[in-house]
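Everything below concerns the one structure shown next.
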Amino acid sequence: MNNYIQLIEKQAKKSLQKFKKLGLLLRHFFKKQFNRNIYTRILFINIICFVLCLTALITFFDFSVKQVTYNQIQQELLRKAKRANFALLQKESWDQLTLSEYDSSNIAQKQQEKIKFLSDIFDAKITIFDKSANIVATSANQEIVPGSQVDKSFAKAISSGETITAKVINKETKELTFIAAVPMGDSNDIIINGILLEATPSKLDHNIAKMRLYLILVGIFVLIMIIFVSIYQAEHISKPISELSTAMAELNSGNYVTQQYHPALDEVKILIDQFNKLAEKVQKIQEENRSVEEERTRLFSEISHELRTPLTAVQGFVEAIQDGIVQDKDLLNKYLEIIYTQTVHINRLVDDMLQLSRLESGSIKLEKTPLNLITLVHRVIESMEALARSMNINIIFEKNIDQATIMGDIDRIEQIIRNLLQNAINASQNGEIIVKIESSPNSVILMVRDNGTGISSDDLPHIWDRFYQSKSHRNVGKAKGGSGLGLVIVKQLVLLHNGKIDVESHLGIGTTFYVHFPAL
């Protein structure tokens, strides 16, 4: 016997473990599906919330309907009890009604018929009892057993003139029975007996269960509608996000495709807008990187070209000297001078390229201080007058003001003036250069004008390009050691001082540069 019990317990433990394992698997599955994506989460949340709400609604419905129905039945039964009391008072007096009278008198039979008649009308069992809770008369077919009583609480209630209603479970039929008890007689009479009505509504639970079933069916229909609405809602939210994640993958692979606005939520629209801005920014950066790479390639090509010419010349003259081809001393000195000139040109070219590279990368920091542009221009002109006179060039300085204060780096401003003057000297011969300073309400204007060869309209837009030299300046520039970077450096320095530079030129007439500096 003990072994059999132990075997049952063992089997029960195994079954319990299997149920626990199954429960964990189901829990893991639903948790995984719940956290899978926005689509399933919205669907699960809506379904779970509706099922919980429907369960709570059905529970509340059962409770409220039963309470309302039971209360109505009790009140109706109480009204029937009072009507039965009124009907019984119309004829015989019940004050002298006892069990002994039931056995022998015709009055008792009439009373019994009267009670049964009222019982049939009211569809309820009627029992008359005295103050001691003893049954005096009943509408039931069975005979009254001596000593039969109703519940003591009913007798106590009618003794004080109160009415009472209750519901109990019938011990025999196991059905819910409603009871109403009222004092028998007129309100002016002395209360001796009471009337008790018992009713068992037929199909009450069946009707409530039927109503519950209808509610569940409506709930299932609503659940199906909610599932469809949830699917639409989840797709409405998740679709643009899924498309956005796909676009992110495309962006990661280098395909810059902006997203179109769908009828989505504001948050999703903001996310799409931010993504489009990011895609445009990344595309712009890539284009800039591509442009920088192309510019770097072109720069290396230009540098190689610019360095190759002087280096080839130096190499040729050095090889001629090494091979002993040059025997004449004057020719040797000429070759050495050319080698020196080309070496200086290469050195200047390298310095200009390094300086331009620092300017374009922003690594040069200006130390701006208030300075008088007139004083600085005058000093630069004095330092370059000897070079100009050697080429029969006269520099004229004009000014219509005595003070032209600007905020700038004195070394860089001097470099701007010097480069413009050097460019004018290189373009002129046996002429004159006019340097003029003018003022306007918001700026100070530096003008450098020469009457040299000038620049053609085709060459003029390209003078700001690296290593570019106009056709009219090409031979002159090469002879005087120009690098083709002077004007590019000037423009970068002017921009660093928040200024601007303009140029006017006519072939065979001359060139004029205008530099605008912000005035203090």
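This chain uses plain numbering: 1 for the first residue, then up along the sequence. Quick caveat: nothing in here was measured; it's all calculated off a predicted structure.
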What are the two closest heavy atoms between I417 and L373, and how far apart are they? CD1-CD1, 4.1 Å
For G510, does its backbone N or O pair with a side-chain atom of D450 as donor and acceptor, under 3.5 Å? no
CG/L366 to CD1/I413 distance, rounded to the nearest 0.5 angstrom? 8.5 Å
Under a 3.5 Å distance rule, please check whether T453 uses its side chain to pair with a backbone N or O of L507 as donor and acceptor. no
Does R449 reach the side chain of K436, with side-chain heavy atoms less than 4.5 Å apart? no
Any heavy-atom pair between the side chains of V435 and L446 that's under 4.5 Å? yes
Value for CD1 (I433) from CG (L421), rounded to nearest 0.5 Å, stands at 6.0 Å
Going through the distances and angles, do E438 and M447 end up as a side-chain contact (heavy atoms from CB on, under 4.5 Å)? CA-CA 8 Å; E438 298 176 342; M447 183 192 75; 5.6 Å; no
At their closest point, which heavy atom of F178 faces which heavy atom of P201, and how far apart are they? CD1-CD, 3.5 Å
What residue among L487, V490, D502 forms side-chain contact (heavy atoms from CB on, under 4.5 Å) with F513? L487
Between N419 and N423, is any pair of side-chain heavy atoms under 4.5 Å apart? no
List the steps and the verdict of side-chain contact (heavy atoms from CB on, under 4.5 Å) for K500 and S443. CA-CA 10 Å; K500 66 176 183 176; S443 64; over 6 Å; no
Looking only at side-chain N and O atoms, does Q422 offer a donor or acceptor that is under 3.5 Å from a partner on N426? yes
To check you understand the geometry: which heavy-atom pair defines the closest contact between M384 and I395, and what is its length? O-CD1, 4.3 Å
Separation between CD1 (I73) and CG (L176), nearest 0.5 Å, reads 7.5 Å
Is K399 atom NZ crowded by more than 12 heavy atoms from other residues, nucleotides or ligands, each under 6.0 Å away? no
Is the closest side-chain heavy-atom distance between L54 and L223 below 4.5 Å? no
Of all heavy-atom pairs linking G408 and L371, the shortest is O-CD2, 3.4 Å
How far apart are the closest heavy atoms of T405 and V444, and which atoms are they? O-CG2, 4.4 Å
Heavy-atom distance under 4.5 Å between the side chains of L420 and V515, does that happen here? yes
Ignoring hydrogens and geometry beyond distance, is a side-chain donor-acceptor pair present between N451 and E432 at under 3.5 Å? no
Has Q67 got more than 12 heavy atoms of other residues, nucleotides or ligands less than 6.0 Å from its CD? yes
CG-CD1 distance between L376 and I410, expressed to the nearest 0.5 angstrom: 5.5 Å
Quick one: does S64's side chain have a donor or acceptor within less than 3.5 Å of a partner on F61's backbone? yes
Distance from H506 atom NE2 to S456 atom OG, nearest 0.5 Å? 12.0 Å
Hydrogens and angles aside, do R412 and Q415 bring a side-chain donor and acceptor to less than 3.5 Å of each other? yes
Minimum heavy-atom separation for G454 to T511, with atom names? CA-OG1, 3.6 Å
Return the set of residues passing side-chain hydrogen bond (donor to acceptor under 3.5 Å, both in side chains) with E319 (not counting sequence neighbours), or none when no residue passes. Q315
side-chain contact (heavy atoms from CB on, under 4.5 Å) evaluation trace for R379 with E414: CA-CA 9 Å; R379 188 172 67 193; E414 182 178 344; 3.7 Å; yes
List the residues meeting side-chain hydrogen bond (donor to acceptor under 3.5 Å, both in side chains) with E385, not counting sequence neighbours, and say none if there are none. R389
What pairs meet the salt bridge (charged side-chain N to carboxylate O under 4.0 Å, His left out) rule with one or both residues in residues 210-232, with sequence neighbours excluded? D62-R212
What distance separates L311 CG from T343 OG1, expressed to the nearest 0.5 Å? 8.5 Å
On the 0 to 90° scale, with breaks at 30° and 60°, tag the H497-F517 ring pair as parallel, tilted or perpendicular. perpendicular
Side-chain donor/acceptor of N372 to backbone N/O of A404, under 3.5 Å: yes
